[in-house]
Student: 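Dumping the structure here so I can ask a few things about it.
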Number of protein chains: 2
Amino acid sequence: MEEIKTNFEDITSRLKNNNIRLSHQRLKVLEFLHRNRIHPTVEQIYHGLIDEIPTLSKTTIYNTLNALTEAGLVKILNIEENEARYDIETDEHGHFKCKVCGNIYDFKVNMDSLEIKGLDGFKILTKDMYFSGICAKCVE
Amino acid sequence: MEEIKTNFEDITSRLKNNNIRLSHQRLKVLEFLHRNRIHPTVEQIYHGLIDEIPTLSKTTIYNTLNALTEAGLVKILNIEENEARYDIETDEHGHFKCKVCGNIYDFKVNMDSLEIKGLDGFKILTKDMYFSGICAKCVE
DNA sequence: AATAAAGTTGTAATGATTACAAGTTATAAA
DNA sequence: TTTATAACTTGTAATCATTACAACTTTATT
């Protein structure tokens, strides 16, 4: 409960800092991402909300996701070749894509413990880790 | 010298195993990748070879890169949102994209030493690590 | 209430990648 | 050396995710 509250304060403050208004459409997109932890595509978000908001446009979803990404509330995953996916979980973690079922799984990983050679003097701002293979369900 | 020889044997055997012929165009693409370690786009490869092979088609480059990727001789990098990049270096390493100059740098990293939670029973086949930030040159 | 800034939406444009079909080249068998 | 078959190249057209744009609507501010 407390977690949700701080979370919400975090959201509203981040929105204010970026001059982003929490419109009806944007709230619904955020809710969808919170409820559906499947790293959905724009297409999936669109189909998940079109019944609730019949006038919804895909352009709005793109605008919303780009705005939320700039505000640091959403992360774009480029784990697929052709289609972006969106993640409401912004804490550091890796992503695994199953080549059989296509699902994308989160995994915990400590990226700070990595021994890296070749980036002396580089300023690292983002770290993304994409694995692929066969998930436990599909291995059976 | 010896390295190049084994490398070439590796190439020819891998091509044979995948029923891929080393045509003139494909050889030139491979040479370009070996000489230009910049993780080039299809566009860059095309412009780098069109003078030498005036009849060259981008479709051929796509076909070639897809074939070489299937044979394990080339790796596709999805580090950009909109355009694929291709890497002739198939040994395990990470990639860093500078947000200022746009260059993509390799870095050494031991991915086996990662402490991962959440992938028990998963069969991991590929591991990709994409960093972004500002490179040493652009930091100055 | 008036004004300006931000948001929504539909349509059109962009651009990377793939599909396809016709012609060309190389390999293997006879 | 011919023949047949499989692989390769190429140009054009199609696909499809994403962005650009313009008209309109909503929200915040004075």
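Here the structure is a predicted model, which is why all the values come from computation and not from measurement. Sequence lines set the chain letters: A, B, ... in the order given, protein chains first and strands last, and positions in each chain run from 1.
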Student: Could you give the CG-to-C1' distance, from B:Asn19 to D:dA6, as a whole number of Å?
Tutor: 9 Å

Student: Can you tell me the distance, in whole Å, between the CG atom of B:Asn18 and the C1' atom of D:dA6?
Tutor: 16 Å

Student: For B:His95, what residues pass the ring pair (Phe, Tyr, Trp, His ring centres under 6.0 Å) criterion, not counting sequence neighbours?
Tutor: B:His39, B:His93

Student: Is the shortest distance from a Lys or Arg side-chain nitrogen in B:Lys127 or B:Glu92 to a carboxylate oxygen in the other one below 4.0 Å?
Tutor: no

Student: For a side chain to side chain contact (heavy atoms under 4.5 Å, CB included) check, start with the C-alpha distance between A:Leu15 and A:Leu68, then their side-chain angles and the critical distance, and finish with the verdict.
Tutor: CA-CA 8 Å; A:Leu15 292 176; A:Leu68 296 176; 4.0 Å; yes

Student: How far does the helix from C:dA1-D:dT30 to C:dA30-D:dT1 bend, going by the axes of its first and last five pairs, to the nearest 10°?
Tutor: 30°

Student: Would you give me the side-chain donor-acceptor pairs under 3.5 Å for residues 107-124 of chain B, sequence neighbours excluded?
Tutor:
{"unit_1": "B:Asn110", "atom_1": "OD1", "unit_2": "B:Asp112", "atom_2": "N", "d": "3.1"}
{"unit_1": "B:Ser113", "atom_1": "OG", "unit_2": "B:Asn110", "atom_2": "O", "d": "3.1"}

Student: Using a 6.0 Å cut-off, check whether atom CD of B:Glu31 has over 12 heavy atoms from anything other than its own residue.
Tutor: yes

Student: Return a table of donor-acceptor pairs under 3.5 angstrom between the side chains of residues 49-60 of chain B and protein atoms on other chains or two or more places apart.
Tutor:
{"unit_1": "B:Glu52", "atom_1": "OE2", "unit_2": "B:Lys28", "atom_2": "NZ", "d": "2.9"}
{"unit_1": "B:Ser57", "atom_1": "OG", "unit_2": "B:Thr59", "atom_2": "N", "d": "3.0"}
{"unit_1": "B:Lys58", "atom_1": "NZ", "unit_2": "B:Glu43", "atom_2": "OE1", "d": "2.7"}

Student: Which residues pass the side chain to side chain contact (heavy atoms under 4.5 Å, CB included) test with B:Ser23, sequence neighbours left out?
Tutor: B:Gln25, B:Arg26

Student: Of all residues at least two apart in sequence or in a different chain, which pass the side chain to side chain contact (heavy atoms under 4.5 Å, CB included) check with A:Thr69?
Tutor: A:Val74, A:Ile76

Student: Would you say A:Glu89's side chain and A:Asp91's backbone share a donor-acceptor pair under 3.5 angstrom?
Tutor: yes

Student: Does anything in residues 46-80 of chain B come within less than 4.0 Å of DNA chain C? Heavy atoms only, and list the residues if so.
Tutor: B:Thr59, B:Tyr62, B:Asn66

Student: For DNA chain C, note the earliest and the latest nucleotide, 5' to 3', having some atom under 4.0 Å of a heavy atom belonging to chain B.
Tutor: C:dA16 to C:dT27

Student: For A:Asn17, what residues pass the side chain to side chain contact (heavy atoms under 4.5 Å, CB included) criterion, not counting sequence neighbours?
Tutor: none

Student: Going by the rule side chain to side chain contact (heavy atoms under 4.5 Å, CB included), which residues pair with B:Asn18 if we only count those two or more places apart in sequence or in a different chain?
Tutor: B:Ile20, B:Ala71

Student: Near DNA chain D, counting only heavy atoms under 4.0 Å, which residues of residues 20-39 of chain B show up?
Tutor: B:Ile20, B:Arg21, B:Ser23, B:Gln25, B:Arg26

Student: Let me check something: any side-chain donor-acceptor pairs from residues 98-105 of chain B under 3.5 Å, sequence neighbours excluded? List them with distances.
Tutor:
none

Student: Supply the atom-to-atom distance B:Thr64 OG1 to B:Leu73 CG, rounded to the nearest 0.5 angstrom.
Tutor: 12.0 Å

